[in-house]
Amino acid sequence: MNKSMLGNFSHFLDKVSSFLANRKGLLPLAGLILILLNFILQFFLSGWLIESNLFLHLGLILAIIGFMLAWAL
């Protein structure tokens with residue numbers, strides 16, 4: 001990676017960090033919404049998306065990361 005890409009990524013991380021520092025419950029709330037979406041879609045759809053519980057897993061990971069970031073920030 002060249003230096004300008006690292007600078008842009010660092011600037012992006014600074015902006016995301018300052019955004020999430022003021023909204024500590026945003027990521028866990030988004031994770032909870034994904035988990036509820038997975039629960040609701042099980043009744044209406046079928047296929048690999050529902051059988052793999054993709055939204056459940058993504059929501060759980062997002063909520064855990066959100067709690068860890070909220071604790072750290």
Side-chain angles (χ1 to χ4, degrees):
M1 288 169 78
N2 61 23
K3 219 171 200 181
S4 67
M5 286 180 64
L6 289 175
N8 290 339
F9 186 66
S10 175
H11 186 65
F12 170 74
L13 284 179
D14 286 340
K15 282 190 172 188
V16 169
S17 175
S18 65
F19 177 79
L20 291 175
N22 297 328
R23 297 159 185 88
K24 294 185 184 210
L26 183 65
L27 288 179
L29 184 63
L32 182 62
I33 289 171
L34 284 174
I35 292 170
L36 290 174
L37 178 68
N38 184 75
F39 178 71
I40 292 169
L41 287 179
Q42 286 181 351
F43 297 113
F44 299 109
L45 299 176
S46 63
W48 73 269
L49 186 68
I50 302 305
E51 291 173 6
S52 67
N53 290 320
L54 179 68
F55 293 126
L56 174 70
H57 293 103
L58 288 177
L60 186 61
I61 291 169
L62 189 63
I64 290 172
I65 289 173
F67 285 128
M68 290 171 53
L69 281 175
W71 189 331
L73 294 175

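Positions are given from 1 along the sequence.
- Rounded to the nearest 0.5 Å, atoms CZ (Arg23) and OG (Ser18) are 8.5 Å apart.
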In a table with atom names and distances, give each donor-acceptor pair under 3.5 Å that connects a side chain of residues 31-51 to protein atoms at least two apart or in another chain.
{"from": "Asn38", "atom 1": "ND2", "to": "Asn53", "atom 2": "OD1", "distance (Å)": "3.4"}
{"from": "Gln42", "atom 1": "NE2", "to": "Asn53", "atom 2": "OD1", "distance (Å)": "3.1"}

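- Cluster membership for Phe12 and Leu26, using ILVMFWY side-chain heavy atoms within less than 4.5 angstrom, is shared.
- Atom CG of Leu27 is separated from atom CG of Leu69 by 6.5 Å, given to the nearest 0.5 angstrom.
- The CD1 atom of Ile64 sits 4.0 Å away from atom CG of Leu60, with the distance rounded to the nearest 0.5 Å.
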